[in-house]
Amino acid sequence: MLELKNVTKKYGDFCAVKDLSFKVEEGKIVGLIGPNGAGKSTTIRMIMNIINPNSGEIILDGQNLTIQDKDKIGYLPEERGLYKKETVVNMLTYLASLKGMSKQDINKEIDKWLKKFGLFEWKYKKLENLSKGMSQKIQFISTILHNPKIIFLDEPFSGLDPVSSDELLSIIKELKQDGRIILFSTHIMETAELICDHIVMINHGQKILDGTLQEIRQQFGSNSITIECNGQPNYLQKIQGIIDVKERGNQYDITFDINIEINDLLIEIITKAKENNCLINSYKVSQPSLHSIFVSLANEKTIKSLGDN
Amino acid sequence: MNNKILEVIKYEFLKIVKSKIFIIGTLLGPILYIGLMFVVIYFTEKSNDRSNDIINIGLLSNYQDSTTNSVISNLKNQGWNIVEYNNQDSLKQLTIRDSIKGYIVADSLDQYGYYSTNLTDRYINNTIENAVTATVREKYIKESGLTGEEISKILNPVVFQTYKFSEEDESAKSTDSKMEEASNFIISIIIAFLTLMLVMLYGQTIGRSVVTDKSSKIVDILLTSVNTKELLIGKIVGVGSAGILQFLVWVLGGFLFAVFSNKFSIDIPINLNGWYVLIIFVLFILGFILFSTIYAMFGALSDTDQNFNQISQAFTMITVMPFMILSPICTNPNSMFSIIMSEIPFFAPCTMGCRIVCGEVPIGQIALSLILLVLTIVIVVKISAKIFRIGILTSGNYGFKDLIKWLKTKE
């Protein structure tokens with residue numbers, strides 16, 4: 001298990017990460033999400049042992065993470081980087097040899113993974129000759145070639161077509177079943193919902209969300225109702241407790257104050273509909289999406305921090 | 001040294017050594033230089049030895065004297081054709097039509113002139129001047145009534161020979177001082193040129209390699225395997241080894257050339273013993289470490305190659321400065337100026353090497369320059385490593401204040 005305990009990192013007076021704690025268990029995928037400049041990169045670099053925290057601990061299997069643990073880490077950065085003038089085999093060999101792998105194992109693993117991704121015939125080609133998607137796959141292979149215990153994937157699906165995305169997804173699931181510790185970072189919340197077992201959201205260097213998707217949804221409650229009706233439900237705006245109404249054809253997404261009792265609100269909506277000769281065909285109490293939670297939390301924190309300043 | 005540094009060294013070394021540019025540069029470099037030197041030597045020899053050239057010259061004598069005939073016969077003895085005319089215009093026309101190179105006008109016994117459309121051929125000018133001077137001098141001496149023996153004593157040059165000895169070898173050896181001065185100067189230039197060129201070339205290669213790591217974003221991946229110090233050392237030693245390999249190949253090429261040129265009886269006196277060669281090599285290595293560390297730091301501060309060029313430009317000017325002060329150092333290797341210049345750590349790899357080639361340098365001065373160089377390297381490496389550590393992970397423009405902040409940051 002990988003555990004961050006009260007980790008803080010400062011750059012001069014600026015606090016990039018503040019008192020951050022979370023856990024990632026084997027065989028679980030944890031999504032590390034947050035807006036740009038939230039402190040994700042600094043957190044990643046601390047886990048990757050590229051920079052050291054000012055305080056707090058990063059613990060792997062009960063022991064503090066050390067330089068020796070670098071070989072157990074595989075990192076796929078958001079901004080992909082490989083030497084374009086290098087051949088696929090040389091690039092993969094160099095990165096794997098830096099992880100302490102033997103020449104023999106490297107050759108075996110390179111062949112295995114290139115075949116798995118259908119890139120074997122590109123083994124001796126220069127990376128600059130590969131398409132963007134192919135390069136992405138090579139980058140992914142370089143991340144997992146040395147059999148790392150901790151795998152950090154930052155936007156692994158960007159630049160991939162749907163077929164390649166599915167291919168990659170199934171391999172990530174295989175790695176999960178194999179008991180790897182997988183950290184996943186993305187700005188696309190739908191992807192995070194699809195893949196992650198657990199979500200940690202940070203903003204302004206602090207953790208603002210930590211839990212399974214179910215827990216998070218419950219935590220944020222069902223403050224959203226979708227109704228389908230004939231006629232213009234202009235009266236909705238006047239009902240006390242309704243914060244926002246979004247129109248999608250004859251469907252209306254209604255966001256309401258979390259403190260309002262949902263049954264009372266439904267009665268009020270139906271009563272007003274009848275008064276206004278508006279026919280409600282259906283209604284659905286909807287779960288908040290991770291996207292909407294992200295947006296509301298990011299905004300809330302930004303506003304709060306601006307207020308603090 | 002741990003395995004990871006070795007892997008970085010191996011990769012960086014092979015990346016350069018396997019490149020076509022390196023192979024061509026290493027092999028063709030010395031061939032090109034040696035070829036160029038042969039061409040220079042060939043043409044210098046050829047221009048010096050023009051005894052077989054047939055040169056057509058006109059002559060117009062405005063007074064009647066046997067001296068003019070003596071001048072003509074002196075020049076004819078050297079294989080020249082002399083055409084006599086009484087009319088200067090005809091000679092002018094012949095010169096313009098290129099039938100003759102030019103013409104001599106004898107106005108009086110003490111007054112001669114040479115007219116031509118081209119006066120840059122020093123061989124012609126000197127030969128005429130010598131012929132005229134010798135003939136007129138001989139006429140005056142003969143008229144003074146001296147005996148033939150006395151005349152030859154006056155006209156024969158004095159034997160003047162230079163002898164060189166040193167503390168180690170006190171037996172004075174006769175030398176050709178002009179030849180030695182010239183060859184020392186050439187060797188100094190070659191050493192300075194090789195040192196500067198390789199230090200700059202490979203220093204900048206390291207800087208650019210850091211920029212590539214940064215701009216291609218591979219640095220984050222590399223740093224999940226090695227730390228910044230290992231990466232910095234690996235790059236400097238890896239790229240540096242390729243530079244040293246090239247240096248050695250070129251020096252070997254130069255050595256073969258020296259052996260080869262002796263076969264062609266081109267005498268190149270070399271004022272170097274084994275210790276001096278070793279010191280020059282050590283100076284090269286130290287210079288390389290100093291400059292490449294600084295270039296690596298510049299690389300860490302740059303996001304693009306263009307950015308790197310801008311940042312390193314001013315420093316490159318300092319790097320090439322020793323080349324401009326080479327001449328006064330070679331002429332007077334033990335002057336105060338030369339001593340100071342060879343003790344400044346950034347110049348020492350070049351300037352001390354030149355002083356060693358051109359004259360005896362007290363061992364204390366060599367030791368001091370090596371100590372100063374090593375101390376500077378220690379300080380520069382400490383500063384560069386700190387800036388490299390942070391710079392390589394950040395992007396954007398940095399001010400002096402940022403760098404100071406980085407230097408104060410604890411690891």
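Proteins come first, then strands; the chains are lettered A, B, ... in the order of their sequence lines, and each starts at number 1. Predicted model, so just to flag it, every value in this text is computed and none were measured.
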_Region of B:Leu14 that comes under 4.5 Å of a non-hydrogen atom in chain A_ = neither
*Using non-hydrogen atoms only, which part of B:Val219 is less than 4.5 Å away from chain A: side chain, backbone, both, or neither?*
neither
*Atom group of A:Tyr11 that falls short of 4.5 Å from chain B, counting heavy atoms*: neither
*Considering only heavy atoms, which portion of A:Glu86 lies under 4.5 Å from any heavy atom of chain B: side chain, backbone, both, or neither?*
side chain
*Give a yes or no on whether a salt bridge exists between A:Glu78 and B:Lys217, defined as a side-chain N under 4.0 angstrom from a carboxylate O.*
no
*Is a donor on one side and an acceptor on the other found under 3.5 Å between the side chain of B:Asn307 and the backbone of B:Asp303?*
yes
_Under 3.5 Å donor-acceptor, A:Thr186 side chain and A:Ile188 backbone_ = yes
*With respect to chain A, which residue among B:Thr212, B:Val8, B:Ile390 yields the maximal number of heavy-atom pairs within a distance under 4.5 Å?*
B:Val8
*Do you know which of B:Asn227, B:Ile221, B:Leu393 has the most heavy-atom pairs with chain A at a distance under 4.5 angstrom?*
B:Leu393
*Strictly by modelled atom types, are B:Asp213 and A:Tyr83 linked by a side-chain donor-acceptor pair under 3.5 Å?*
yes
*Using only heavy-atom distances, determine whether the side chains of B:Thr316 and B:Tyr295 contain a donor-acceptor pair under 3.5 Å.*
yes
_Residues in residues 95-112 of chain A that sit under 4.5 Å from chain B, counting heavy atoms only_ = A:Leu95, A:Ser97, A:Leu98, A:Lys99
*Where does the angle between the aromatic ring planes of B:Tyr202 and B:Phe288 fall among parallel (under 30°), tilted (30 to 60°) and perpendicular (over 60°)?*
tilted
*Rounded to the nearest 0.5 Å, how far apart are NZ of A:Lys5 and OG of A:Ser55?*
13.5 Å
*Of all of A:Leu82, A:Thr143, A:Ile47, which one pairs up most often with chain B through heavy atoms under 4.5 Å apart?*
A:Leu82
*asked:* Checking B:Phe298 against B:Phe308 for the ring-ring contact (aromatic ring centres under 6.0 Å, His included) test, could you report, in this order, the C-alpha distance in whole Å, the side-chain angles of both residues, the deciding distance, and whether it holds?
replied: CA-CA 6 Å; B:Phe298 288 150; B:Phe308 172 73; 7.1 Å; no
*Work out which heavy atom in B:Ala300 is nearest to a heavy atom in B:Val210; give both atom names and the distance.*
N-CG1, 3.5 Å
